[in-house]
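What follows is a set of notes on a single structure, which appears directly below.
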Amino acid sequence: MRYSLGNPRAYVEGNMVAFTYLLESCREAGTLHLVYASTSSVYGAKIKMPFCEHDGANHLM
């Protein structure tokens with residue numbers, strides 16, 4: 001089981017809330033560009049490896 005499914009609160013705190021703080025810090029600092037690299041979690045429980053940025057992420061797990 002993916003960590004985000006077994007521990008959803010920790011996932012939200014560690015990823016979504018922290019990313020919001022990062023965005024707010026960038027806005028306050030006047031940052032013009034931000035490069036964000038996502039984790040494999042966006043691809044869900046795919047069997048095909050390696051993941052590809054062109055793989056769909058609009059599916060239920």
Side-chain angles (χ1 to χ4, degrees):
M1 173 183 297
R2 290 208 174 258
Y3 182 78
S4 60
L5 295 176
N7 301 289
R9 288 186 180 145
Y11 176 79
V12 169
E13 183 67 31
N15 288 285
M16 298 174 76
V17 173
F19 187 63
T20 301
Y21 283 125
L22 176 65
L23 292 176
E24 287 297 312
S25 296
C26 288
R27 181 168 53 169
E28 290 173 9
T31 303
L32 298 177
H33 300 282
L34 172 68
V35 176
Y36 174 74
S38 183
T39 66
S40 64
S41 294
V42 300
Y43 297 109
K46 293 228 179 217
I47 296 172
K48 180 186 144 245
M49 293 290 229
F51 299 132
C52 175
E53 63 270 10
H54 300 291
D55 290 343
N58 59 347
H59 58 278
L60 298 175
M61 293 173 40

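Residues take their numbers from the sequence shown, with the count starting at 1.
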Contacts of Glu28 that satisfy salt bridge (charged side-chain N to carboxylate O under 4.0 Å, His left out) - sequence neighbours left out: none
Partners passing salt bridge (charged side-chain N to carboxylate O under 4.0 Å, His left out) against Arg9 (at least two apart in sequence or in another chain): none
Where at least one partner belongs to residues 12-24, residue pairs that pass salt bridge (Lys or Arg N to Asp or Glu O under 4.0 Å), sequence neighbours excluded: Glu24-Arg27
Gly6 versus Pro8, closest heavy-atom pair with distance: C-CD, 3.6 Å
Residues which pass side-chain contact (heavy atoms from CB on, under 4.5 Å) with Ala10, listed by chain and number, not counting sequence neighbours: Tyr3, Asn7
Fellow cluster residues of Val12, listed by chain then number, with links counted only when side-chain atoms sit under 4.5 Å apart: Met16, Val17, Tyr21
